[in-house]
Every structure is written in C-alpha cells, then in structure tokens.
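Below, read A as the first sequence line, B as the second, and so on, with proteins coming before strands; counting in each chain starts at 1. Quick note: numbers below take in every heavy atom, side chains included, and nothing from hydrogens, waters or symmetry partners.
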Protein chains: 2
Amino acid sequence: MKRSFYDGIIRDLKDQGFRLTKVRMAIIEELDRAKKPLSAGELIGLLKKRGLGPHKTSVYREIAFMLEQEIINRLSFGERQDRFELAALEHHHHAICKVCGEIEDIACSEGIRQIEEMLGKQKFKVSGHLIEFFGLCTSCQQSS
Amino acid sequence: MKRSFYDGIIRDLKDQGFRLTKVRMAIIEELDRAKKPLSAGELIGLLKKRGLGPHKTSVYREIAFMLEQEIINRLSFGERQDRFELAALEHHHHAICKVCGEIEDIACSEGIRQIEEMLGKQKFKVSGHLIEFFGLCTSCQQSS
DNA sequence: AAATCTAATGCAACTAAGTTGCGATAAGAT
DNA sequence: ATCTTATCGCAACTTAGTTGCATTAGATTT
Ligand SMILES: [Mn+2]
Ligand SMILES: [Mn+2]
Ligand SMILES: [Zn+2]
Ligand SMILES: [Zn+2]
C-alpha cells in the first residue's frame, strides 16, 4: 500500500514547463521515500549522501517553490524547524513520540477518543493532544 | 466567567520560597489578562509599556522558570516563535485566523466535525485543521 | 553540436528567535 | 543595615531561514 507519487509529480512539473534539476528530482524522491515529514536540514543531509551538495539557500528556495506549486505541505510540531511532506498524501494526522521523535501517520477519523483508543491498541501511549483549526475569523471574511 | 489565576500563582510561588520580582509578577499578570497565548516578543512589548524594561534574556529565563514550575504551557502554531499561556486554564484548543492571526479558545469536545460546526455558527470559516497526539512509542515505553 | 534564454544556483551577508557565561544587582531573610 | 543568593543585564553565540547579486546549467532553438 506504499504507492509512489514521484512520477506524477515529475510529469506535472515538466508539463508546466519547470526545469527538472537533479536537486529538484532528488528532493521529491526523498520526500516520497521518507515515511515521515522531513526538515530542511534532514533533506540537505540526504542529498549530501547521494553525492549532491546543494547550498542550503537552494534547498530553501526549492522548498518555497514546492510549497507554491502545492507539491508539499509545511507542518510544524513544536520543534524549532519546519517539516514537509508530499501534499499528494491523503489528509491525515500524526502521533509523535516525545522521547525519540518518531512520527506515525494517523488517519483522520471523526472522534478524538476513537483515535486515542486505536493508538492504545497499537501500544502508543498517548499523553496529550493538540488540535488547531485554521481559517478566517468574522472580520477577515468581510474584508475579502 | 473570566476568573483570574494571578493570586493563586503568586501565593504558590511565595510559599515555595521563590522571589516575587516586578517582572515575574508583571508577566503572570499579562498572561492572565491576555485573551490569547503570548509570545516572548509580545511579553517584552507589554512589559515595556508598563515602564519595566527587562532584557530579553531575563524574559526568556523567566519563561523557562515558569515552564519548569508548570505555571505556563508552551504552544506553537506554525509561526517561528513559541507562545505561552497559563497552565491553570482548562485544557482547550485554538482556532487561528490565517489572515489577522487572531486566536480563539475552543473547548475540547469529542468530535472534530462537531467543533467545526460550532465554529461555523460563530462565523469562523474553517479551512483546515491540524491534530497531533503526543506520547511514547512502543520502543520508548520499554526503555523507561 | 553550438548558441541562446532564463530558471535555478552559490555565495556572502543578513535577520529573528532563542541561548550561554559571567559579573552585577536587588529580594527578602536575619 | 547587612547578608545571601536568586535573578538580572550585557555581550557574544547559535540555529533556522532569507535576500541581493553575479554565475551556472536545463531546455529549447538553430
Ligand atoms: Mn504524515
Ligand atoms: Mn488558549
Ligand atoms: Zn519513541
Ligand atoms: Zn482574522
């Protein structure tokens, strides 16, 4: 069940006339391969391993590009750095281990209690949760 | 229904033998008065308005102290800065306006859909949500 | 295959949030 | 009033991310 989104993303980019640089393709591949959202720093490390040594500026600019193109989503667990995952993934949530930082994907089901029970059965010991809703407040809806 | 936590917190600190400095008391008062979680920068601004001009280092150290004493909780919406609110507040969640940054407290009820409907009635237009569960993964439970 | 166009890159310098070491100050006990 | 030490101010540092500008390299054209 671990389908790859790589080919589709690359095709779309080519169709839209964007260049397929080594770094661009490698970043998509790493995000596709990764089982958890990656930080800019982690990406730089993975690219270095592959023999590519892009400057951090380029990686940040590539991330900005991919956010614009809605290829990736930015997320932030309360670390100092942002993390990124492919936008093609179905909407889901995360369970994060407070000790080792391991991140597990969680399907978005309706009830909070429900999800916590499910995690319990998987032996993940939930100690808290964080829920945020994003959108437009009343006054910001009017002025748009 | 806007009860104050100030007196209780101050009493506890005194009982435990901590010093009641001007800045310490002012920070608690500002967090108590604020209707939304405050960042370190916002706190520094509020203190300046009151005639206190503490160095940012002192404010950060005070925040660290209050986290240790569990007087405040750290939270982070995907901004670059952290935010803090009184730990004495009942567990709840937040609705954040993507335009003006306004933050509204949301009671922690069971269903996600339920909360979104409630926000809709209050004219807050939800465009997305973020849910994270924190705890211990299987292997980190064993090694503790 | 070479010339061309310009998106993407590298570098240096910068910003913003937060941290650390250390000597000075002030809260509160005696 | 004096003393003790928790707290503070300052300078210097760190880490994540950003910006301006000159250079390089994908892709297209010749
Ligand atoms: Mn995920
Ligand atoms: Mn709140
Ligand atoms: Zn773990
Ligand atoms: Zn708003």
- Within a reach of under 6.0 Å around CD of Gln16(B), are more than 12 heavy atoms found that belong to other residues, nucleotides or ligands? yes

- Side-chain (Glu42(A)) to main-chain (Ser39(A)) donor-acceptor, under 3.5 angstrom: yes

- Note on the structure: Within residues 24-41 of chain B, those residues having any heavy atom closer than 4.0 Å to DNA chain D are Arg24(B)

- Item | Greater than 12 external heavy atoms within 6.0 Å of Lys36(B)'s NZ | yes

- Task: Decide whether a cation-pi geometry holds between Arg33(A) and Tyr6(A); the criteria are a distance under 6.0 Å from NZ or CZ to the six-membered ring centre and an angle within 45° of the ring axis.
- Result: no

- Item | salt bridge (Lys or Arg N to Asp or Glu O under 4.0 Å) evaluation trace for Arg74(B) with Glu85(B) | CA-CA 7 Å; Arg74(B) 183 196 306 272; Glu85(B) 73 182 356; over 6 Å; no

- Please check if the side chain of Arg24(B) supplies one atom and the backbone of Arg19(B) the other of a donor-acceptor pair under 3.5 Å. yes

- Side-chain donor or acceptor of His92(A) paired with backbone N/O of Cys108(A) under 3.5 Å: no

- Message: Short of 4.0 Å, heavy atom to strand atom, which residues of residues 48-67 of chain B count as contacting DNA chain D?
- Response: Pro54(B), His55(B), Thr57(B), Ser58(B), Arg61(B), Glu62(B)

- Item | Atom-to-atom span, CD1 of Ile44(B) to P of dA16(C) - whole angstrom | 13 Å

- Item | Value in whole Å for how far the P atom of dA16(C) lies from CD of Glu42(B) | 16 Å

- Listed by chain and number, what are the side chain to side chain donor-acceptor pair (under 3.5 Å) partners of Thr138(A), not counting sequence neighbours? none

- Rounding to 0.5 Å, atoms NZ (Lys98(B)) and SG (Cys137(A)) come to a distance of 13.5 Å

- Go through the structure and list residues passing side chain to side chain donor-acceptor pair (under 3.5 Å) with Gln69(A), not counting sequence neighbours. none

- Item | His129(B)-His93(B) aromatic ring centre distance below 6.0 Å | no

- Item | Gln141(B) side-chain N/O to Lys123(A) backbone N/O, donor-acceptor pair under 3.5 Å | yes

- Message: One character per nucleotide, please: for nucleotides 25-30 of chain D, 5' to 3', B when the base has a protein heavy atom closer than 4.0 Å, S when only the sugar-phosphate does, - otherwise.
- Response: BBS---

- Task: Could you list by number each residue of residues 68-79 of chain B showing a heavy-atom separation from DNA chain D of less than 4.0 Å, or answer none if no residue does?
- Result: none

- Item | Gap between atom CD1 of Ile106(B) and atom CD1 of Ile131(A) - 0.5 Å precision | 10.5 Å

